[in-house]
K.L.:
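If you scroll down you'll find the structure; I have some questions about it.
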Amino acid sequence: MNVAPFSRGPQHIGARITAAQGKSFVVDTESNYSLDDSATPWLSAALPVAMKVNVPIEFDGTIDEVAAENSNGAQNILAEWYPRHYHRTTFGSRNASSTTGRAPGVGCFFSGGVDSFYSAITQHDRITHLIFVHGYDIRPDDETLGTRALEGARAAASELGKPLIEVRTTLRSAFSDAYRVPWGHVYHGAALAHVATALSPHLGTVIVPSSYPLHELRPWGSHPDLDPTWSTSAVTIEHGELDAGRFDKIARIVDSPTAMNHLRVCWENRDGRYNCERCFKCFRTRLGIMLAGGECATLSSPIDPTMVRRMYIEPARRRRFREALVELDERGFDEPELEKAMRSAIRRSYLLQYFPR
Ligand SMILES: [Zn+2]
C-alpha cells in the first residue's frame, strides 16, 4: 500500500492511497484550523487497513519517529485482539522527524453526546478547544444532519467558552469503509487519532472521551490501551475518564444547562429530527435523564410506554437493556408501565429476530 500525502492549502490535507491491484483512493481532511501536512496523520489512518489486508505500507513523506515507535503498540493490541483478521505489518517512510516544542492547546473531541459532554464538563479547566468531526458518525454527504449537528456543537462550545475546531473528512467513507474495517470494534479510535495528530500545530494533548468505564472494557476501536499508542512527539492522545458508566455520566451532565439544551445522542436522523426518540440510544439516554431527575430540551419526557413496547432491540444491545431494568429497580423507581413495556420489547425482539418484519 502506498500513501502519498498532499496539501491543498494550510487548512486542507489529503492523501492518495494506492492499494493492491492498483485500487486507488483519495482522502480529504479539512478544517477551520491549519493542519499538519506531513505523512504522520496518515499513519493511524492507514495502519489498521494495511493490517487487515496484510500488506506493508510505503509513505511518500515524513513520519514522526515517536509515532512510528508507538504504533508498534497499536499493532500488538489489534493483532492480539483479532488474531485471525489483523496481522502485524511493516511500513517505511521517506525520513523520520520529531518535534521538540509542542503546542500548548488541549483538545477534546466533541460530538455533542453524553461522553463528550461529560469530558467537556469534568475537564473544563484544562480543555482549550473542542473538536467536531463531520464524516465519521455523520456521512460526509449528509449535509442536513451535518449542518444541524454542527450548529448544536457550535452553540454548546460557545456556551462552554471554548473555540470549536471544525473538521470534515472523507477518511471513513472514501477509504476504510471500502475495506470493511469495522468502525466500532477497530477503526474509530485510529480515525480520531488521524484528526488529533493533524491538529498538532495547535494541540499538544487531545482527549478522546471514553466509550466504556473500567469495569466494562472490552476490545474496542477506542480503548485506554489503544488510543495512547497513536500519540506522536507533538500530540499526546489521552483516553477520557474510566470512572463513570453511562448512567453516572448522565447524572453528572443533567446539571449542565448547556448539555440539557444541546445534547445529541442519535445519528439516525429519522424524519430529520435532532434526536429520533425511538432508537435504543435515545431511549437509554432519556431513561438516564429521567433517573437523574433532569430535563432535556432535545429529548422529551416522559417516555411513552407504547413507543417502548414497539422498539426492536438488537441482540447485541439486549444485555444493556436488561441492565437498564436493573438500574430502574436499584434506584427505587416505580414505573410499572414502563418496566412492563421494556420486558415486552425484549420478548418481542427475540421473536422478531426469527420472524423478520
Ligand atoms: Zn435515536
K.L.:
When you check the side-chain N and O atoms of S233 and E65, is any donor under 3.5 Å from an acceptor?
P.N.:
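Judged by distance alone, the side chains do not pair up.
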K.L.:
On a heavy-atom basis, which atom in S349 and which in I313 lie closest, and how many Å separate them?
P.N.:
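Nearest pair, atom of S349 first, then I313: OG-N, 2.8 Å.
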K.L.:
Do H134 and V167 come within less than 4.5 Å of each other through their side chains, counting heavy atoms only?
P.N.:
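Sidechains of V167 and H134: no contact.
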K.L.:
Indicate, with yes or no, if L171 and Y33 share a hydrophobic cluster defined by side-chain heavy-atom contacts under 4.5 Å among Ile, Leu, Val, Met, Phe, Trp and Tyr.
P.N.:
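Cluster IDs for Y33 and L171 match.
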K.L.:
Set out, in order, the CA-CA distance, both residues' side-chain angles and the distance that settles side chain to side chain donor-acceptor pair (under 3.5 Å) for S300 and E277, then state yes or no.
P.N.:
CA-CA 8 Å; S300 61; E277 303 201 351; 2.7 Å; yes
K.L.:
Could you tell me whether E30 and R8 have a side-chain N and a carboxylate O separated by less than 4.0 Å?
P.N.:
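No salt bridge links E30 with R8.
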K.L.:
Look up atom CG in L47 and atom OH in Y86, then write down how far apart they are to the nearest 0.5 Å.
P.N.:
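Going from the CG atom of L47 to the OH atom of Y86 covers 11.5 Å.
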K.L.:
Would you sort out whether R264 and T298 count as a side chain to side chain donor-acceptor pair (under 3.5 Å), showing the intermediate values?
P.N.:
CA-CA 7 Å; R264 167 161 210 137; T298 58; over 6 Å; no
K.L.:
State, with a plain yes or no, whether a side-chain heavy atom of Y274 is found less than 4.5 Å away from one of C266.
P.N.:
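Heavy-atom side-chain distance check fails, nothing below 4.5 Å.
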K.L.:
Within the distance-only criterion (no hydrogens, no angle test), does the side chain of D142 pair as donor or acceptor with the backbone N or O of R139 below 3.5 angstrom?
P.N.:
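Checking the backbone N and O of R139 against the side chain of D142, no donor-acceptor pair under 3.5 Å is found.
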K.L.:
Examine M51 and V53 and state if one hydrophobic cluster contains both, with Ile, Leu, Val, Met, Phe, Trp and Tyr joined whenever side-chain heavy atoms are less than 4.5 Å apart.
P.N.:
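Yes.
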K.L.:
As a quick check of understanding, evaluate ring pair (Phe, Tyr, Trp, His ring centres under 6.0 Å) for Y187 and Y179, giving each step before the final call.
P.N.:
CA-CA 11 Å; Y187 198 64; Y179 285 97; over 10 Å; no
K.L.:
Side-chain contact test, heavy atoms from C-beta onward, threshold under 4.5 Å: evaluate it for L199 versus H129 and give yes or no.
P.N.:
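No, side chains not in contact.
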K.L.:
Measure the shortest side-chain to side-chain distance between W220 and L226 over non-hydrogen atoms and say whether it is less than 4.5 angstrom.
P.N.:
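No. Closest side-chain heavy atoms not under 4.5 Å.
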K.L.:
Hey, could you give me the OG1/CZ distance between T144 and R148, rounded to the nearest 0.5 Å?
P.N.:
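Rounded to the nearest 0.5 Å, the OG1-CZ separation comes out at 9.0 Å.
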K.L.:
Under a single-linkage definition using a 4.5 Å side-chain heavy-atom cutoff for Ile, Leu, Val, Met, Phe, Trp and Tyr, are M307 and M290 assigned to the same hydrophobic cluster?
P.N.:
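Yes.
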K.L.:
Can you check whether S7's main-chain N or O pairs, donor with acceptor, with D37's side chain at less than 3.5 Å?
P.N.:
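No; judged by distance alone, with no hydrogens or angles, the pair does not exist.
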K.L.:
Establish, for the pair K162 and F110, whether the NZ or CZ atom is under 6.0 angstrom from the six-membered ring centre and no further than 45 degrees off its axis.
P.N.:
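Not flagged: K162 not positioned over aromatic ring of F110.
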K.L.:
If you measure from the Lys or Arg side-chain nitrogens to the Asp or Glu carboxylate oxygens, is any gap between R320 and E216 under 4.0 Å?
P.N.:
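The answer is yes: the pair qualifies as a salt bridge.
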K.L.:
Checking ring pair (Phe, Tyr, Trp, His ring centres under 6.0 Å) for the pair F117/H262: CA distance, chi angles, key distance, verdict?
P.N.:
CA-CA 10 Å; F117 265 114; H262 303 289; 7.5 Å; no
K.L.:
If you measure only the distance, is there a donor-acceptor pair under 3.5 Å linking the side chains of H194 and T29?
P.N.:
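Yes, a side-chain donor-acceptor pair sits under 3.5 Å.
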K.L.:
Which atom pair, heavy atoms only, marks the closest approach of M260 to I253?
P.N.:
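It is CE-O, 3.8 Å.
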K.L.:
To the nearest 0.5 angstrom, please state how far the CD atom of E339 sits from the OG atom of S344.
P.N.:
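Result: 13.0 Å between the selected atoms.
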K.L.:
Check whether N275 reaches the backbone of L263 with its side chain - one donor and one acceptor, N or O, closer than 3.5 Å.
P.N.:
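Confirmed, N275 side chain pairs with L263 backbone.
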K.L.:
Any salt bridge between D60 and R94, counting N to O under 4.0 Å?
P.N.:
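The answer is no: the pair does not qualify as a salt bridge.
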K.L.:
Would you say CD of E143 has more than 12 non-hydrogen atoms from neighbouring residues, nucleotides or ligands within 6.0 angstrom?
P.N.:
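Counting other residues, nucleotides and ligands, CD of E143 exceeds 12 neighbours.
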K.L.:
Looking at every non-hydrogen atom in both residues, tell me the closest pair between M342 and L328 and how far apart they are.
P.N.:
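For M342 versus L328, the nearest heavy atoms are SD-CD1, 3.8 Å.
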K.L.:
For the ring pair (Phe, Tyr, Trp, His ring centres under 6.0 Å) test, which of W81, W230, Y212 pairs with H223?
P.N.:
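Looking at W81, W230, Y212, the match for H223 under the ring pair (Phe, Tyr, Trp, His ring centres under 6.0 Å) is W81.
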K.L.:
Would you call E327-R284 a salt bridge at under 4.0 Å N-O?
P.N.:
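Here E327 does not pair with R284 in a salt bridge, since their nearest N and O are not under 4.0 Å apart.
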K.L.:
Check whether more than 12 heavy atoms from other residues, nucleotides or ligands sit under 6.0 Å from atom NE2 of H185, and answer yes or no.
P.N.:
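For H185, atom NE2 is not crowded (no more than 12 foreign heavy atoms under 6.0 Å).
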K.L.:
Between T229 and N70, do the side chains contain a donor N or O and an acceptor N or O under 3.5 Å apart?
P.N.:
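Their side chains do not contain a donor-acceptor pair, so the 3.5 Å distance test is not met.
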K.L.:
Find the distance between CG (L150) and CZ (F132) and round it off to the nearest 0.5 Å.
P.N.:
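The CZ atom of F132 is 5.0 Å from CG of L150, to the nearest 0.5 Å.
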K.L.:
I'd like to know if the side chain of S256 reaches the main chain of A259, judged simply by a donor and an acceptor atom lying under 3.5 Å from each other, with no hydrogens or angles considered.
P.N.:
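Checked: pair present.
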K.L.:
Check D28 with R168, please: is the shortest side-chain N to carboxylate O separation under 4.0 Å?
P.N.:
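Looking at D28 together with R168, the answer is no, because their closest N to O distance does not fall below 4.0 Å.
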K.L.:
Could you tell me whether the side chains of N76 and R88 share a donor-acceptor contact shorter than 3.5 Å?
P.N.:
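Checked: N76/R88 side chains pair up, N/O donor to acceptor below 3.5 Å.
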K.L.:
Would T99 and D64 satisfy side chain to side chain contact (heavy atoms under 4.5 Å, CB included), going step by step from the backbone distance to the final call?
P.N.:
CA-CA 8 Å; T99 316; D64 178 86; 4.2 Å; yes
K.L.:
Measure the CG-NZ distance between D243 and K249 for me, rounded to the nearest 0.5 Å.
P.N.:
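Atom-to-atom, D243:CG and K249:NZ are 8.5 Å apart.
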K.L.:
Only one of I131, V208, V206 forms a side-chain contact (heavy atoms from CB on, under 4.5 Å) with L192, so which one is it?
P.N.:
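That would be V208.
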K.L.:
Does the pair R319/E314 count as a salt bridge with the N-to-O cut at 4.0 Å?
P.N.:
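No salt bridge links R319 with E314.
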K.L.:
With the side chain counted from C-beta on, respond yes when E58 and F91 share a heavy-atom pair under 4.5 Å apart, and no when they do not.
P.N.:
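Of all side-chain heavy-atom pairs linking F91 with E58, none is under 4.5 Å.
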K.L.:
Give a yes or no on whether the ring-centroid distance for F280 and Y312 is below 6.0 angstrom.
P.N.:
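No: the rings miss the under 6.0 Å criterion.
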K.L.:
Are there over 12 heavy-atom neighbours, none belonging to R218, within less than 6.0 Å of that residue's CZ?
P.N.:
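Enclosed.
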K.L.:
What is the distance from atom CE of M311 to atom CZ of R317, rounded to the nearest 0.5 Å?
P.N.:
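The CZ atom of R317 is 9.0 Å from CE of M311, to the nearest 0.5 Å.
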K.L.:
With a 3.5 Å cut-off and no angle check, do the side chains of H87 and Q75 form a donor-acceptor pair?
P.N.:
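Per modelled atom types, H87 and Q75 side chains form no pair under 3.5 Å.
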K.L.:
Could you tell me if the side chain of E238 sits less than 4.5 Å from the side chain of P228, heavy atoms only?
P.N.:
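Not in contact.
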K.L.:
Is I138 reachable from L130 through a run of hydrophobic residues whose side-chain heavy atoms are each under 4.5 Å from the next?
P.N.:
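In one cluster with L130: I138, yes.
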K.L.:
W183 vs H188 aromatic rings, parallel, tilted or perpendicular, using cut-offs 30° and 60°?
P.N.:
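The rings of W183 and H188 sit tilted, inter-plane angle from 30° to 60°.
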K.L.:
What pair of heavy atoms forms the shortest contact from S210 to G240, and how long is it?
P.N.:
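Where S210 meets G240 most closely, the heavy atoms are CB-O, 3.7 Å.
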K.L.:
Is it true that R102 and T236 share a donor-acceptor pair across their side chains at a distance under 3.5 Å?
P.N.:
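A donor-acceptor contact under 3.5 Å links the two side chains.
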K.L.:
Is there a donor in the side chain of T128 and an acceptor in the side chain of H202, or the other way round, less than 3.5 Å apart?
P.N.:
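The criterion, which ignores hydrogens and geometry beyond distance, is not satisfied for H202 and T128.
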K.L.:
Evaluate the criterion side chain to side chain contact (heavy atoms under 4.5 Å, CB included) for residue pair S97 and I63; output intermediate values, then yes/no.
P.N.:
CA-CA 6 Å; S97 67; I63 294 267; over 6 Å; no
K.L.:
Should L145 and V265 be regarded as members of a common hydrophobic cluster, given that ILVMFWY residues are connected when their side-chain heavy atoms come within less than 4.5 Å of each other, either directly or indirectly?
P.N.:
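Yes: a chain of side-chain contacts under 4.5 Å links L145 to V265.
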K.L.:
Flag the pair R16 / S24 as yes when at least one side-chain heavy-atom distance between them is below 4.5 Å, and no otherwise.
P.N.:
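Yes, side chains in contact.
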K.L.:
State, yes or no, whether a side-chain contact exists between D225 and L217 at a heavy-atom distance under 4.5 Å.
P.N.:
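D225 does not reach L217 side chain to side chain.
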K.L.:
Looking at F283 versus F321, is the centre-to-centre ring distance below 6.0 Å?
P.N.:
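Ring centres of F321 and F283 closer than 6.0 Å.
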K.L.:
Could you list the residues that satisfy side chain to side chain donor-acceptor pair (under 3.5 Å) with E337, not counting sequence neighbours?
P.N.:
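Result, side chain to side chain donor-acceptor pair (under 3.5 Å) vs E337: none returned.
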K.L.:
Strictly by modelled atom types, are T40 and T232 linked by a side-chain donor-acceptor pair under 3.5 Å?
P.N.:
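Per modelled atom types, T40 and T232 side chains form no pair under 3.5 Å.
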K.L.:
Of the non-hydrogen atoms in I237 and S231, which two are nearest, and what is the gap between them?
P.N.:
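Scanning both residues completely, I find the closest heavy atoms to be N-OG, 2.8 Å.
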K.L.:
For a quick test of reading the model, state the closest non-hydrogen atom pair linking R172 to G135 and the distance between them.
P.N.:
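Residues R172 and G135, closest heavy atoms: CB-O, 3.8 Å.
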